[in-house]
Amino acid sequence: DGALSLVYQTRLADLKPDEIFTPLNEEYENTINLNSIDFGTRVVNNSISLGELSKVGGAQGQFIIFNNGKKAVVPPFPPVLRKKFPVDATSLFQTVTLQSGAAELVLKNEFPVALVDLTFILQNKVSQTAIFQSYVDTLKPGQTYTERFPLNNVTIEGQLIAELRRFESPGSQGDTILIDTTDKILIKLTLDSLVPTSATAIFPSQDLANDTTVTTVPSGNSELTSIKIKEGKIFLDATSTIEDEIKLDYAVPNATKNSMALAFNENIPPAPRGGISTTFKEVDLVDYTVDLTGLPTDVGIYNSFYTTLRGRIDSTGNLVHLSLDDSVLLKTGITNLIASQGYGYLGKDTIEGSETSKVDLFNIIRSGSFDLADVKLGIGVENSIGAPIDIRLNSLRAQRSSGTVALNWTLLGMNQTVPSATLLSNAPEPKRLDLNINSSNSNLDKLFENQPEFLFADFSAYINGSTSVKDYQQFIFSDFGVKVYLNLEIPLDFSAKSILLADTNEFDYSDLDPKNQLQSGALKIIADNNFPLECRIELVMVNGAGNELGRLTSSDIVEAASIDNNGVAIGSVRSISEYPLNNEAIKMLKKTERLVFQVLLDTPLPPQKVKLYSNNYMDLTLSGDLTIRTK
């Protein structure tokens, strides 16, 4: 019907989750000791030919050499003493001191005759210390003898001496046999299951560590399937006393960025003898997306991701000294991991918010009161979380220096459900709920007749508050939450008593009297008023320091328009307000830098209410009746 309403909007609350989960800081330690290093299986092969033995076998030996390649009856072979031959293992190690281990001796007789009373000894060449000794009663042609010996707390040198300390043979025992001096006694020595306390050796390529670590994200009762990282780093810190290069491979297989999984390699340099070497690597996790459904074999797992660490030695063929005290200390971890986005079932969570909003709607009013016919208040709630939200207004208070008025509303403290947001192009599209508060279900008019300067609102938002079935398609962004807006509509249908409005304008006296000729007179405001409001206008003169110098006043009233019984203006009324200018007023005007216009408003017959319409108007003309000096 053309009636006017004053519409005002302000944000009451912005309830953000801030954190998808508590910032994650985790550290893991792994120590690799020498006793976990595979020393490998070391094999040494050697042999003694029939020809070599025949050379020291006296007449029988000469007989065998003479009949090489012929068939003959081999006579008994007298005892052979101290037949030594070197065993060179320096291509495998120089020296190794074993905490434990085993040696396996294999003797195979390829001679055409049996060997009896065979004694075998293995000893270090330099120190002459025995490693083990074996005795074989009889070893028939083609027969193999095997024996294992424990190697506990022994030192083995790379240069060894194998010795057949004694053996003899009954010959062919009257049988004619083919004699071949290339026939051999085969000797195979195998060292295995070695746990060294120290060694100077060529170590085989091997994994020193191959660990998988599962990390749980502290996400309360939510069950997240993935996150996008806003902040955080992953690190590897290693210290080694091993005199060989250690290669490290670190990965978070389910963390991807631009379709690439997170993985990096780092090498620990060889440590100097008696010293250490270190390496440190840190990788920024920003914008990585991490799958939180656990290991590839897991089912129904949430809030978990895993990391893999592989530490290895790649054999260089170089002799390296290691001792049982050598180790690699590996520290890996995650620093200040914060997510910007979370996906999966968000659980049941609460976001509390208490916010203060400044209201500038009534700033111009300095004093007085009014009575509103009707006020409409809409509370708009925008939900940008991918889960339904139960929003509750706990309290709303309007405060001014004169006092505080609290909202009474039939739905105050009751939950209202806002539907889940939808996900479009990796950004949420909010869903909205509008709540209407009016004078019939609240004391809303009293709230704003108080002319508040501030609004204090207290809200609670409950994620999945009324959800009974877990939905793993939900999402949450740390930068988007629940926004609450206040939409105020005040129809301009009211009565006013002594409403004091004020506004300030800059003032330059030279604009009024450029030649400084003003002597006396008066300023006049001519008002053709079609508003159903009467008013008095007063001009306050203020200097540059903000101090009041004086006032220009008028006893004249700007009369209200003529109104009908419904408070509607039916015709404009002309009024003239006159402001005398004497010498004192002119002196103050010359010092004035700001003019404050104070307007005191009243409705003509309060408490009768009047209505403002779009065709209401007030024409103001400023004129002067001035006396100026012409010379």
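Here the structure is a predicted model, which means the values were calculated and not measured.
- Here the shortest heavy-atom pairing between S240 and I246 reads OG-CG1, 4.2 Å.
- Between the side chain of E355 and the backbone N or O of D14 there is at least one donor-acceptor pair closer than 3.5 Å.
- Side chain to side chain, T200 and T95 fail the donor-acceptor criterion of an N or O pair below 3.5 Å.
- At a threshold of 4.5 Å between non-hydrogen side-chain atoms, the residues K228 and D287 count as touching.
- A salt bridge links D314 to R312: one of the charged nitrogens lies within less than 4.0 Å of a carboxylate oxygen.
- Proximity of a side-chain donor or acceptor of T225 to a complementary backbone N or O of Y343 within less than 3.5 Å is detected.
- Scanning both residues, F305 and V252, for their nearest heavy atoms gives CD1-CG1, 3.9 Å.
- Taking the six-membered ring where tryptophan is involved, the planes of F480 and F477 are perpendicular, since the angle between them exceeds 60° and thus also 30°.
- Closest approach of T404 to R397, counting heavy atoms only: CG2-CB, 3.9 Å.
- If you take CG on L423 and CD on Q341, they are separated by 8.0 Å, rounding to the nearest 0.5 Å.
- Surrounding NZ of K233 are at most 12 heavy atoms belonging to other residues, nucleotides or ligands under 6.0 Å away.
- For D88 (side chain) and T90 (main-chain N/O), a donor-acceptor pair under 3.5 Å exists by modelled atom type.
- Looking at heavy atoms from C-beta onward, N394 lies in side-chain contact with S460 at the 4.5 angstrom threshold.
- Here OG1 of T256 is found 9.5 Å from CG of L262. Values are rounded to the nearest 0.5 Å.
- Judged by distance alone, the side chains of T241 and D326 do bring a donor and an acceptor atom under 3.5 Å apart.
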>> For a side-chain hydrogen bond (donor to acceptor under 3.5 Å, both in side chains) check, start with the C-alpha distance between N408 and S442, then their side-chain angles and the critical distance, and finish with the verdict.
In response: CA-CA 5 Å; N408 292 323; S442 71; over 6 Å; no
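- Contact check for W409 versus N441: side-chain heavy atoms found under the 4.5 Å cut-off.
- Remark: the backbone N or O of M260 is not paired with any side-chain donor or acceptor of N258 at under 3.5 angstrom.
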>> Pair R148, D192 - check salt bridge (Lys or Arg N to Asp or Glu O under 4.0 Å), show working.
In response: CA-CA 10 Å; R148 286 182 67 82; D192 58 26; 3.0 Å; yes
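- Of the possible donor and acceptor atoms, none in the side chain of S304 sits under 3.5 Å from a partner among the backbone N and O of T293.
- Proximity of a side-chain donor or acceptor of S277 to a complementary backbone N or O of P269 within less than 3.5 Å is detected.
- Heavy atoms only, all atoms of each residue included: A251 and A263 are closest at CB-CB, 3.9 Å.
- Of the candidates I379, I389, L435, V381, L435 is the only one forming a side chain to side chain contact (heavy atoms under 4.5 Å, CB included) with Q416.
- Here the closest non-hydrogen pair linking T417 and L433 is O-CD2, 3.6 Å.
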>> I'd like to know whether L285 forms a side-chain contact (heavy atoms from CB on, under 4.5 Å) with L337, so could you lay out the CA-CA distance, the side-chain angles of the two residues, the decisive distance to 0.1 Å, and finally the verdict.
In response: CA-CA 8 Å; L285 297 177; L337 183 68; 3.8 Å; yes
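- With hydrogens and angles left out, the side-chain atoms of S219 and N303 include a donor and acceptor closer than 3.5 Å.
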> L393 and L412: side-chain contact (heavy atoms from CB on, under 4.5 Å), yes or no, with the steps?
Replying inline: CA-CA 6 Å; L393 175 61; L412 193 69; 3.8 Å; yes
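- One distance of note links CG of L15 with OG1 of T350; it measures 11.5 Å at 0.5 Å rounding.
- Counting only distance, with no hydrogens or angles, the side chain of N443 and the backbone of L407 share no donor-acceptor pair below 3.5 Å.
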> What do the steps show when you test L248 against I268 for side-chain contact (heavy atoms from CB on, under 4.5 Å), and what is the final call?
Replying inline: CA-CA 8 Å; L248 302 172; I268 312 175; 3.7 Å; yes
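- Between D390 and K348 no salt bridge is recorded (no basic side-chain N to carboxylate O distance below 4.0 Å).
- Within the 4.5 Å cutoff, the side chain of F459 has no heavy atoms near those of the R392 side chain.
- Counting heavy atoms from C-beta outward, P428 and F475 have side chains that approach closer than 4.5 Å.
- Between atom CG of residue D237 and atom CG of residue L329 there is a gap of 8.0 Å, rounded to the nearest 0.5 Å.
- Side chains of V328 and I242 form a contact here, defined as non-hydrogen atoms less than 4.5 Å apart.
- Using a 4.5 Å heavy-atom cutoff, the side chains of P296 and Y306 are in contact.
- E453 contributes no side-chain N or O that, together with a main-chain N or O of R400, makes up a donor-acceptor pair within less than 3.5 Å.
- Here K16 does not pair with D479 in a salt bridge; the nearest charged N to carboxylate O distance is not below 4.0 Å.
- Within a 6.0 Å radius of CD in Q473, no more than 12 heavy atoms belonging to other residues, nucleotides or ligands are found.
- The backbone N or O of Y345 lies less than 3.5 Å from no partner atom in the side chain of D471, so there is not a single donor-acceptor pair.
- Contact of the I463 side chain with the I385 side chain is registered, since non-hydrogen atoms from C-beta on lie closer than 4.5 Å.
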>> Walk me through whether F21 and I338 qualify under side-chain contact (heavy atoms from CB on, under 4.5 Å).
In response: CA-CA 7 Å; F21 50 79; I338 299 173; 6.0 Å; no
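- Here the closest non-hydrogen pair linking G342 and I227 is CA-CG2, 4.2 Å.
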> Yes or no on side-chain hydrogen bond (donor to acceptor under 3.5 Å, both in side chains) for Q99 and T197, after CA distance, side-chain angles and deciding distance?
Replying inline: CA-CA 6 Å; Q99 186 181 60; T197 59; over 6 Å; no
> Given the rule in the ring-ring contact (aromatic ring centres under 6.0 Å, His included) test, do Y302 and Y472 qualify, once you have shown the distances and angles that lead to the verdict?
Replying inline: CA-CA 10 Å; Y302 307 98; Y472 291 94; 4.7 Å; yes
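- The CG atom of D291 sits 6.5 Å away from atom OG of S226, with the distance rounded to the nearest 0.5 Å.
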> Passes side-chain hydrogen bond (donor to acceptor under 3.5 Å, both in side chains), N336 versus E231? Steps please.
Replying inline: CA-CA 7 Å; N336 199 36; E231 182 180 335; 2.7 Å; yes
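- Note that CG of L236 is 14.0 Å distant from OH of Y28, once rounded to the nearest 0.5 Å.
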>> Could you walk me through whether T278 and T239 satisfy the side-chain hydrogen bond (donor to acceptor under 3.5 Å, both in side chains) test, starting with their C-alpha distance in whole Å, then the side-chain angles of each, then the deciding distance to 0.1 Å, before giving a yes or no?
In response: CA-CA 4 Å; T278 62; T239 302; 5.8 Å; no
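- Taking a cutoff of 4.0 Å between a charged side-chain nitrogen and a carboxylate oxygen, R432 and D434 qualify as a salt bridge.
- In terms of modelled atom types and a separation under 3.5 Å, the side chain of N383 and the main chain of A387 share a donor-acceptor contact.
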